[in-house]
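When reading the values below, keep in mind they use all heavy atoms of this one structure, side chains included, and skip hydrogens, waters and symmetry mates. Counting convention: from 1, in listed order, for ligands and their atoms alike. On a predicted model such as this, the values are computed, not experimentally measured, just so you know.
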Amino acid sequence: MKKHILVIPGDGIGAEVTVWGRKALEQIALKFDHDFSFDTAQMGHEAIENCGNPLPDETLDKAKLSDAILFGAVGHIKYDLDPSLTVRPEQGLLKIRKELGLFANLRPILVFDELLGASSLKPEILKGTDILFFRELTGDVYFGEKQLSADRNTASDLMIYHRYEIERIAVKAFEAARNRRGKVCSVDKANVLESSRLWREVIQEVALRYPDVQTQHLFIDNAAMQLIRDPKQFDVILTGNLFGDILTDEASQIAGSMGMLASASVGDKMGFFEPIHGSAHDIAGKNIANPFASVLSAALLLNIGFGLKKEADILTNTISDLLKEGYRTLDISTPETLAKNILGTSEMGELIIDKLKELFPKPYDHVT
Ligand code: NAD
């Protein structure tokens with residue numbers, strides 16, 4: 001398969017982990033004789049520093065020419081400490097999602113048995129959890145009209161959804177449920193919010209087209225509670241931008257660490273694949289970030305982006321094997337983890353690539 005992949009490492013640990021996602025893709029291309037070409041581009045704080053724009057035109061042009069994007073993260077402490085800065089790294093991310101028409105964020109929550117002890121929740125509650133989130137990405141309060149009164153005493157963000165926005169992501173979620181355990185749970189706040197009442201109405205209409213899929217509706221407050229009370233009850237969770245943002249971070253704790261979760265943002269044409277974590281200033285530059293989420297992002301790129309499930313499974317299984325062998329980064333270490341098995345970002349990255357090379361008896365000398 002011939003594909004062109006744009007790599008946008010971004011800021012902080014984004015750059016530290018994305019290198020391993022890319023190297024993993026290079027190994028897969030070699031093994032399966034795929035013709036993957038790569039390019040890189042800037043976004044976020046680094047791009048603001050270099051050219052004053054969090055999403056330079058050059059990056060957007062390259063993105064539009066690619067078949068898929070492997071992204072790291074954007075963000076820098078200076079913007080977190082100063083909300084009045086008007087040019088901000090996350091504007092690059094919001095703009096590229098909008099420009100590329102990426103309206104659905106898919107976030108699988110998979111629990112590796114070896115990490116059951118790394119979560120703050122009880123292992124027996126987590127074991128066997130397998131949830132696929134569909135979070136709407138281009139509507140809601142994030143994109144509705146924003147206002148701040150002249151005296152700075154009143155502010156508002158409009159929560160707005162259009163029927164077509166709800167319908168197109170609902171179709172994707174119901175289609176996915178058909179290939180999983182056949183259940184969709186739609187999350188809203190229809191008892192209070194008008195936009196949620198429209199959301200529920202459209203979901204109910206789409207559900208009629210999928211009689212083989214069981215549909216459930218939960219209010220966001222109940223869903224947030226159910227997610228940690230009994231996560232195994234869920235198959236596909238479908239929700240809006242704001243509720244999805246919060247619920248998916250809550251769900252990251254089910255998997256033990258932000259460093260273990262990847263996501264795919266898709267539209268009608270191409271996909272954007274990234275770890276769920278940010279640029280993590282607190283650990284940036286220390287070589288302790290977990291690179292698994294970037295490699296799992298590469299797996300999603302192969303599976304969802306290019307339909308290469310076998311290749312994607314090889315990456316996921318490699319991570320599972322390393323966990324079984326006891327290797328951990330600091331964020332997923334438990335009291336039982338042996339000190340010698342706690343690796344830095346680059347050591348864990350090298351180990352992943354070594355494992356992939358061992359699996360594939362082919363010459364790799366030309367891969368750097
Ligand atoms: P974060 O996800 O960067 O970090 C949250 C916590 O998880 C931190 O304690 C961090 O050390 C830990 N963590 C995250 N990824 C990890 C990894 N791979 N390995 C080990 N530990 C990991 O969220 P935050 O601290 O709220 O935000 C930091 C910056 O990132 C902010 O500037 C924010 O705007 C930005 N951000 C960017 C994105 C994105 O680019 N998609 C997403 C969220 C936050």
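- With a 4.5 Å cut-off on side-chain heavy atoms, Leu132 and Asp235 do not count as touching.
- Counting atoms of ligand 1 from 1 in the listed order, those under 4.0 Å from a heavy atom of Gly75 are 32 (O).
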Quiz prompt | Verdict with supporting geometry, Glu311 and His34, side chain to side chain donor-acceptor pair (under 3.5 Å) | solution = CA-CA 11 Å; Glu311 288 86 332; His34 295 307; 2.7 Å; yes
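- Counting atoms of ligand 1 from 1 in the listed order, those under 4.0 Å from a heavy atom of Ala289 are 19 (N).
- Side-chain rings of Phe292 and Tyr327 stay apart, their centers remaining 6.0 Å or farther from each other.
- Residue-level proximity to ligand 1 for Leu93 is carried by the side chain, the only part with a heavy atom below 4.0 angstrom.
- Defined by atom type and a distance below 3.5 Å, a donor-acceptor pair is present between the side-chain atoms of Tyr142 and Asp245.
- A salt bridge links Glu99 with Lys64; the closest basic N to acidic carboxylate O contact falls under 4.0 Å.
- Proximity of Ile283 to ligand 1, defined as any heavy-atom pair under 4.0 Å, is confined to the side chain (atoms from C-beta onward).
- Residues Thr138 and Arg168 bring a donor and an acceptor atom of their side chains to less than 3.5 Å of each other.
- Closest protein heavy atom to atom 31 (C) of ligand 1: Asp80 OD2, 3.1 Å.
- Scanning the protein heavy atoms around atom 29 (C) of ligand 1, the nearest turns out to be Ser279 OG, 3.3 Å.
- For the residue pair Asp331 and Ser257, a side-chain donor N or O sits within less than 3.5 Å of a side-chain acceptor on the partner.
- Nearest to atom 43 (C) of ligand 1 among the protein's heavy atoms is Gly278 CA, 3.6 Å.
- Distance screen at 4.0 Å: atom 25 (O) of ligand 1 has no protein heavy-atom neighbour inside the cut-off.
- No hydrogens or angles considered: nothing links the side chains of His4 and Ser66 as a donor-acceptor pair under 3.5 Å.
- The closest protein non-hydrogen atom to atom 3 (O) of ligand 1 is Ala280 N, 2.8 Å.
- With a heavy-atom cut-off of 4.0 Å, His277 touches ligand 1 through backbone and side chain alike.
- Proximity of atom 19 (N) of ligand 1 to the protein is indicated by at least one non-hydrogen atom lying closer than 4.0 angstrom.
- Residue-level proximity to ligand 1 for Glu274 is carried by the side chain, the only part with a heavy atom below 4.0 angstrom.
- Taking 4.0 Å as the cut-off between side-chain N and carboxylate O, Glu90 and Lys95 do not count as a salt-bridged pair.
- Between Asp282 and ligand 1 there is a heavy-atom distance shorter than 4.0 Å.
- Under a 4.0 Å heavy-atom criterion, His281 is in contact with ligand 1.
- Of the possible donor and acceptor atoms, one in the side chain of Lys183 sits under 3.5 Å from a partner among the backbone N and O of Gln233.
- Of the protein's non-hydrogen atoms, the one nearest atom 17 (C) of ligand 1 is Asn290 N, 3.6 Å.
- The nearest protein heavy atom to atom 36 (N) of ligand 1 is closer than 4.0 Å.
- Of the protein's non-hydrogen atoms, Val74 N, 2.8 Å is the one closest to atom 40 (O) of ligand 1.
- Using a 3.5 Å distance cut-off with no hydrogens or angles, the side chains of Gln226 and Asn222 do pair a donor with an acceptor.
- Here Ile13 has side-chain heavy atoms under 4.0 Å from ligand 1, and that is the only part of it that gets that close.
- Aromatic ring centroids of Phe273 and Phe71 lie 6.0 Å or more apart.
- For atom 7 (O) of ligand 1, the nearest non-hydrogen atom of the protein is Met258 CG, 3.8 Å.
- Using a 4.0 angstrom heavy-atom cutoff, Ala293 does not count as in contact with ligand 1.
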